[in-house]
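As structure tokens, the structure follows; a few thoughts come after it.
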Amino acid sequence: MKLSTKTYTFTAILLSVFVFLGYALYKCHQANRKLRSSLPYLTVGESIHYFNLIGMDETRIDQSNLEKDRPVLIFIFSRPCSPCDKNLVYWKKMAEIFKEDVSVYGIILGKLTEAYNFSETSRLNFNIYVPEDAALFIREMRIKLNFSQTIIYSGKVRYVRLGEMNGEEAVGIIKTVKGMI
Amino acid sequence: MLKKCVLLLSMTMAALHGFSMEIDVIKNPKPTMKEKQFVLLNKVKDIPADLGNDQYLFRPTSMTIDKNNNLYVYDNLQAKIFKFDGDLKLMKSFGKVGAGPGEFSGTGLSYMVVIKIGRDGKLYANNLKSGKMIVFNQNGEFIREFRYQSWNFIIIPVVDVQGNVYFTSVKERTIDVLNEKRVKLISVEYEKENFNYLFYKPGPIHLNTVAENPSIDLSMDLTLNSRLLIFFKNSSTILVLENKKIVNKIRIWPEEALDSYKTEISDLLRQHKDMFKKMFFKLFVDEDNDSHFYLQSGSNRKRDINALYKCNTGGELLKTLYIRLNEPSFTRFEVKKNNLFYGIEDEKITIYKEEKK
């Protein structure tokens, strides 16, 4: 079968449009990735690639602790940090409510002695850890210092709350986690 | 604008008035009573954060109990009041943030609300930030609210059987009883007692606070038989009033508490001249007995306890109840009813009972 010039032209245009669309999509995806990684926090749907932590009793935590069959609550804080202090009451209540069904990691961006003192004076009811390599952790998690973060993780990031939360948001987080158990 | 001017004027007047206040130091107070019996309080239970039905208690800051043993708890982070039955099962919650009638002005520690069931059976919520008293019935339905004058001061609402509200007047240094229409019914002058201190004169920071608000260190409560107790925290003295008349003046100076306080306050003042502490910081009446009341001391360092002194309006020390100090936690007792002591500790409601021998 012999194709007409008209058909050739039409096919060429169609192909060009597809190529252009593909290129545009690729560029958008790249821009999106760049934009995401420029954000000072993880976004919903992302995975955590570095989770090497040291506990107060020197226990080591790594990536595998995130892959268990239960949701994970991650509270990131630094000292001094006023929003983190204000969030403590909610974090403690969440740790109390979910002590059986959820893994809770409080991560302090500081030294182990600092973590120990903080845990004692604040009477924390969840374990706290410091990153094995703080610089790497901050880079991978894209944390800006003095920034409190509350993260729900289950295979990937399900929820991120930056800074100080209020009662309504805390209730929302509790409901979300309950829905995942 | 007018309200701000009035507030500024009253503060200035109060300050001027305050600077002329006569501070008296009782340098060597002699004990007026002796601790006989120390009784341990055992923890019975606490209220969990998860109350069920998607209701959560985050930061209880105030609580009160009605005649039927229903407990009302104010959550400072949600601006909500939770009502529990006698078995501590959640019955309902009410209240929200807003500027409308019956609404609280905000959440967080700068928006303190103190609740109390008045002797008239209604629930009074003192919204300190906006100087507004909100009245609910026991089902949590809004009845009315009123703003009180900037020179009137009250933290814990004190309301008698007729629904009259008791305030201290910063301007006049009186205790004013106002009816529902905010008409002053009676006015009792508070004595010079308010500016008496034990052992040492406090530093300038404390004195400036007192100058701004002379009634800051004064608290009141009404016994079941409508006797008014006026507690002067600085001199640890209680005036008992019945029908406007002073029927008793009690110096609550127990031997051991006085001794422990002397040591502690001298240590504090040695650390910094502006450190100040009271021997007893809280008064609340016994909701099971019409003449008993409790005073909570911050701590007794000698015994390492957080003590609660049970006295009667006749001026006797009946017993000393205590829990072990567990720093940095601290239990603040709020109510005693049905032989249970309700306290707030580590942002939780904790219930204690006397140990049986």
Side-chain angles (χ1 to χ4, degrees), chain A residues 56 71 73 75 77 79-102 104 106 114-128 148 150 152 159 161 163-181, chain B residues 43 45-62 73-82 88 90 92-98 103-113 127 129 306 323-332 343-350:
Chain A
M56 286 190 299
L73 268 171
F75 309 137
F77 52 105
R79 314 289 315 146
C81 165
S82 159
C84 313
D85 292 342
K86 286 181 179 157
N87 280 345
L88 266 184
V89 56
Y90 298 117
W91 290 345
K92 284 202 233 174
K93 298 290 170 179
M94 287 175 197
E96 179 196 326
I97 292 166
F98 297 119
K99 60 182 176 225
E100 307 289 330
D101 317 289
V102 173
V104 179
E114 209 175 353
Y116 185 79
N117 290 337
F118 183 68
S119 178
E120 284 288 296
T121 52
S122 307
R123 297 188 76 93
L124 297 184
N125 56 351
F126 52 88
N127 290 333
I128 57 173
S148 158
T150 308
I152 305 173
Y159 177 92
R161 175 66 173 96
E164 187 186 331
M165 61 179 122
N166 60 33
E168 230 168 274
E169 286 164 327
V171 169
I173 294 175
I174 294 167
K175 280 185 190 172
T176 308
V177 177
K178 275 192 170 177
M180 294 165 75
I181 299 169
Chain B
K43 197 182 276 191
K45 57 177 135 178
D46 49 31
I47 299 181
D50 192 348
L51 305 173
N53 294 329
D54 280 336
Q55 299 276 354
Y56 306 94
L57 185 61
F58 292 131
R59 182 191 280 151
T61 47
S62 178
V73 178
Y74 181 78
D75 186 331
N76 171 262
L77 289 174
Q78 297 181 87
K80 255 188 196 179
I81 297 170
F82 293 96
L88 299 178
L90 180 68
K92 60 159 62 188
S93 71
F94 53 94
K96 61 174 180 175
V97 175
E103 293 173 342
F104 301 112
S105 46
T107 57
L109 291 176
S110 33
Y111 295 93
M112 288 306 288
V113 171
N127 197 30
K129 184 86 174 180
N306 178 355
I323 55 169
R324 289 260 158 241
L325 274 178
N326 181 23
E327 284 169 326
S329 284
F330 184 76
T331 306
R332 198 180 80 231
I344 299 175
E345 158 186 321
D346 281 336
E347 273 136 4
K348 254 187 180 179
I349 304 286
T350 313

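Just so it is clear, the model here is predicted, and its values are computed rather than measured. Chain letters run A, B, ... following the sequence lines, proteins first and then strands; every chain starts at 1.
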For this session: Assess whether side-chain contact (heavy atoms from CB on, under 4.5 Å) is satisfied between B/V97 and A/E168, documenting all intermediate values.
Result: CA-CA 11 Å; B/V97 175; A/E168 230 168 274; over 6 Å; no
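Residue B/Q78 touches chain A through its side chain alone, counting heavy-atom pairs closer than 4.5 Å. Proximity to chain A (any heavy atom under 4.5 Å) is shown, for B/N326, by both the backbone and the side chain.
Proximity of B/L77 to A/K93: side-chain heavy atoms (C-beta onward) are nowhere separated by under 4.5 Å.
No more than 12 heavy atoms of other residues, nucleotides or ligands sit less than 6.0 Å from atom NZ of B/K96. The environment of A/Y116 atom OH is sparse: at most 12 non-hydrogen atoms of other residues, nucleotides or ligands sit within 6.0 angstrom.
Among residues 172-181 of chain A, the residues having any heavy atom closer than 4.5 Å to a heavy atom of chain B are, in sequence order, A/I174, A/K175, A/K178. At a heavy-atom cut-off of under 4.5 Å, chain A is reached by B/P48, B/A49, B/D50, B/D54, B/Y56, B/L57 from residues 47-57 of chain B, listed in order of number.
How far NZ of A/K92 is from CZ of B/F58: 14.0 Å, rounded to the nearest 0.5 Å.
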